[in-house]
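Written out below as structure tokens is the structure these notes cover.
Start at 1 and go down the list; that is how both ligands and their atoms are numbered.
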Amino acid sequence: MIAEIELSTLSKIINNQRSYFNSGATLSYEFRIQQLKKLKQVIRNHEQDIFDALKTDLNKHEFESYSTEVGLVYEELNIAISHLKKWMKPERKSTPMVLFPSSSYLYKDPLGCVLIIAPWNYPFQLLINPLVGAIAGGNCAVLKPSELAPATAVIIEKIISETFSPEYVATIQGEGHVVIPEMMNNHRFDLVFFTGSIPVGRSIAEMAAKKLTPVILELGGKSPCVVDKDVDLNHAAKRIVWGKFTNAGQTCVAPDYLLIHNSQKEKLIELIKETIVSFFGEQAIKADYGRIITTKRFKTLAGYLADGEIIYGGHTNEEELFIEPTLMTNVSLDAPLMHDEIFGPILPIFGFDTHEEAMNIIARNPNPLSFYLFSKNSSTADFYTKHLAFGGGCINNTLVHLGNSNIPFGGVGNSGMGHYHGKFSFEAFSRIKSVVKTGTWFDSGVYYAPFKEKIKIARMFLRF
Ligand code: NAD
């Protein structure tokens with residue numbers, strides 16, 4: 001059970017964090033590295049509890065919990081632990097002659113006290129991975145897990161309270177629409193890092209704007225998957241089924257809908273059906289396969305099944321919150337299924353003849369979080385990569401771009417702003433402070449009055 005927090009306690013925690021940050025306790029490399037190592041150890045100690053919680057909340061198999069949650073957190077922790085010293089070092093930059101004798105530096109300052117808000121679909125890693133960035137950056141953090149994944153929220157609170165004092169990192173439980181406005185309207189955070197839906201993201205940005213608080217918004221949307229005529233169909237089928245039906249389709253970067261070149265459509269559909277059976281058997285309800293998070297979401301998803309023709313799957317079980325991997329065709333582009341982010345195991349499929357046609361369908365839901373193309377043709381890959389604005393994506397694969405911490409992960413426009421992972425997380429939770437240091441052994445005096453003929457010197461050094 002999640003214990004709701006008293007509002008006065010909430011204020012006390014946030015005020016204490018401000019004092020703790022102002023004391024300078026979080027600044028040093030030694031402090032930060034120690035906290036990262038402590039976090040890694042406590043996750044190791046509680047690994048099985050985390051798996052159990054994810055099984056309870058989402059019926060995740062341990063393999064999936066490791067590969068898409070805990071393993072990704074270890075990866076982020078390992079990178080931060082290995083590179084933190086280098087990341088923290090002030091960076092020397094070149095200095096124009098006119099500023100002689102000066103040298104210029106970028107200092108990476110902590111932001112201060114940050115609020116990290118997570119959704120329910122990957123409820124562990126989407127809260128703890130940003131925390132790794134916050135700790136590496138030298139910040140204090142308030143964590144808000146999703147109340148819709150309550151078992152995971154409880155184990156997160158346990159892990160955090162065992163490891164950190166609340167004046168440094170604290171977990172706040174409760175209904176998001178109650179506790180988050182309470183925190184954001186009554187206190188100023190130095191960054192709000194939000195992962196969740198577009199409408200809630202918009203309201204987070206509105207609350208933040210009132211206090212000029214910067215935000216990073218990791219949002220959702222409809223991520224298209226395009227299959228070209230020149231394609232390896234067997235690989236495409238496996239990688240699409242894996243990307244779409246992992247966590248029962250409740251993945252922000254899952255392919256939302258499929259656009260297949262008409263010359264390959266029937267063949268690929270047959271292969272996708274065979275692949276679903278090979279992954280989940282004839283009865284996915286008995287397989288290693290996720291469950292829908294709530295009855296409300298179940299009903300929304302079940303409602304989409306009326307938006308077209310079901311060509312595979314379609315079985316549901318409300319009691320078990322189960323929806324079979326489902327393929328649909330003959331869906332109107334104006335139907336809710338093609339307007340809302342599906343965020344479930346239903347894959348609408350469309351044919352196309354020209355890439356312009358496919359682009360026009362994609363343009364109805366602009367700025368997707370992810371984009372996937374299956375094609376052997378590099379000019380087709382170039383065409384989509386150059387002409388589409390999307391957060392990130394893959395050619396001939398799905399999802400895997402978010403598993404590489406050397407590249408940033410984030411959205412664009414409707415799918416969000418800002419990015420993180422690896423070094424980009426450290427940067428997301430740091431502020432660059434520019435400092436110019438000038439020697440005192442020489443002073444050209446060129447910029448002091450009286451100016452007389454000095455414009456000639458100015459023209460020489462500053463070429464306007
Ligand atoms: P959500 O927006 O409903 O909730 C996210 C968080 O916001 C939760 O902690 C919740 O408690 C809080 N919240 C809910 N209503 C609120 C309100 N009115 N005011 C303030 N806070 C509120 O999202 P969700 O249903 O938990 O997650 C699904 C969405 O998240 C999908 O759109 C998905 O695409 C997106 N998502 C994005 C990413 C990404 O990395 N870009 C990752 C996972 C999920």
Give the atoms of ligand 1, by number and element, whose distance to some non-hydrogen atom of [X] is under 4.0 Å.
X: H177; result: 16 (C), 17 (C), 18 (N), 19 (N), 22 (C)
X: K144; result: 9 (O), 11 (O)
X: W120; result: 24 (P), 25 (O), 26 (O), 27 (O)
X: L126; result: 42 (C), 43 (C)
X: S146; result: 9 (O)
X: E218; result: 37 (C), 38 (C), 39 (C), 40 (O), 41 (N)
X: E147; result: 10 (C), 11 (O)

Interatomic spacing from CG in L399 to CG in N397 - rounded to 0.5 Å: 7.5 Å
Mind checking the CZ-CG spacing from R239 to N234? Nearest 0.5 Å is all I need. 10.5 Å
Quick one, E69 with K60, criterion salt bridge (Lys or Arg N to Asp or Glu O under 4.0 Å). Give me CA distance, side-chain angles, the key distance, then yes/no. CA-CA 10 Å; E69 301 246 24; K60 284 192 190 187; 2.6 Å; yes
Name the closest protein heavy atom to [atom], giving the residue it belongs to and the distance to 0.1 Å.
atom: atom 2 (O) of ligand 1; answer: S197 OG, 2.6 Å
atom: atom 41 (N) of ligand 1; answer: L219 O, 2.7 Å
atom: atom 21 (N) of ligand 1; answer: I180 CD1, 3.2 Å
atom: atom 36 (N) of ligand 1; answer: C252 CB, 3.5 Å
atom: atom 32 (O) of ligand 1; answer: E341 OE1, 2.7 Å
atom: atom 15 (N) of ligand 1; answer: V200 CG2, 3.6 Å

Any carboxylate oxygen within less than 4.0 angstrom of a Lys/Arg side-chain nitrogen, looking at [X] and [Y]?
X: E318; Y: K299; answer: yes
X: E162; Y: K158; answer: yes
X: E427; Y: K108; answer: no
X: D190; Y: K211; answer: no

Which one of [options] has a non-hydrogen atom at the shortest distance from [atom]?
atom: atom 7 (O) of ligand 1; options: F194, F409, F343, Y420; answer: F194
atom: atom 8 (C) of ligand 1; options: G176, S203, P199, A118; answer: A118
atom: atom 29 (C) of ligand 1; options: G220, G196, P119; answer: G196

Testing F429, F424, F409 one by one against H419 for a ring pair (Phe, Tyr, Trp, His ring centres under 6.0 Å), which residue passes? F424
Which of these, Y257, F383, F390, sits in a ring pair (Phe, Tyr, Trp, His ring centres under 6.0 Å) with F371? F390
Side chain or backbone of [X] under 4.0 Å from ligand 1, or both, or neither, by non-hydrogen atoms?
X: L148; result: neither
X: L369; result: side chain
X: E175; result: neither
X: N121; result: side chain

How about atom 4 (O) of ligand 1: does it have a protein heavy atom within less than 4.0 Å? no
Please indicate whether any nitrogen or oxygen in I117 is less than 3.5 Å from any nitrogen or oxygen in ligand 1. no
Looking only at the side chains, is there a donor atom on one of [X] and [Y] sitting less than 3.5 Å from an acceptor on the other?
X: K37; Y: Q34; answer: no
X: Y289; Y: H61; answer: no
X: K40; Y: N78; answer: yes

Using side chain to side chain contact (heavy atoms under 4.5 Å, CB included), reason through H235 and F374 one step at a time and then give a plain yes or no. CA-CA 9 Å; H235 279 124; F374 286 84; 5.7 Å; no
Between ligand 1 and T195, can you find any atom pair, the residue atom being a heavy atom, that is separated by under 4.0 Å? yes
Looking at ligand 1, does G411 have a heavy atom less than 4.0 Å from it? no
Student check: side-chain heavy atoms of Y312 and I276 closer than 4.5 Å: yes
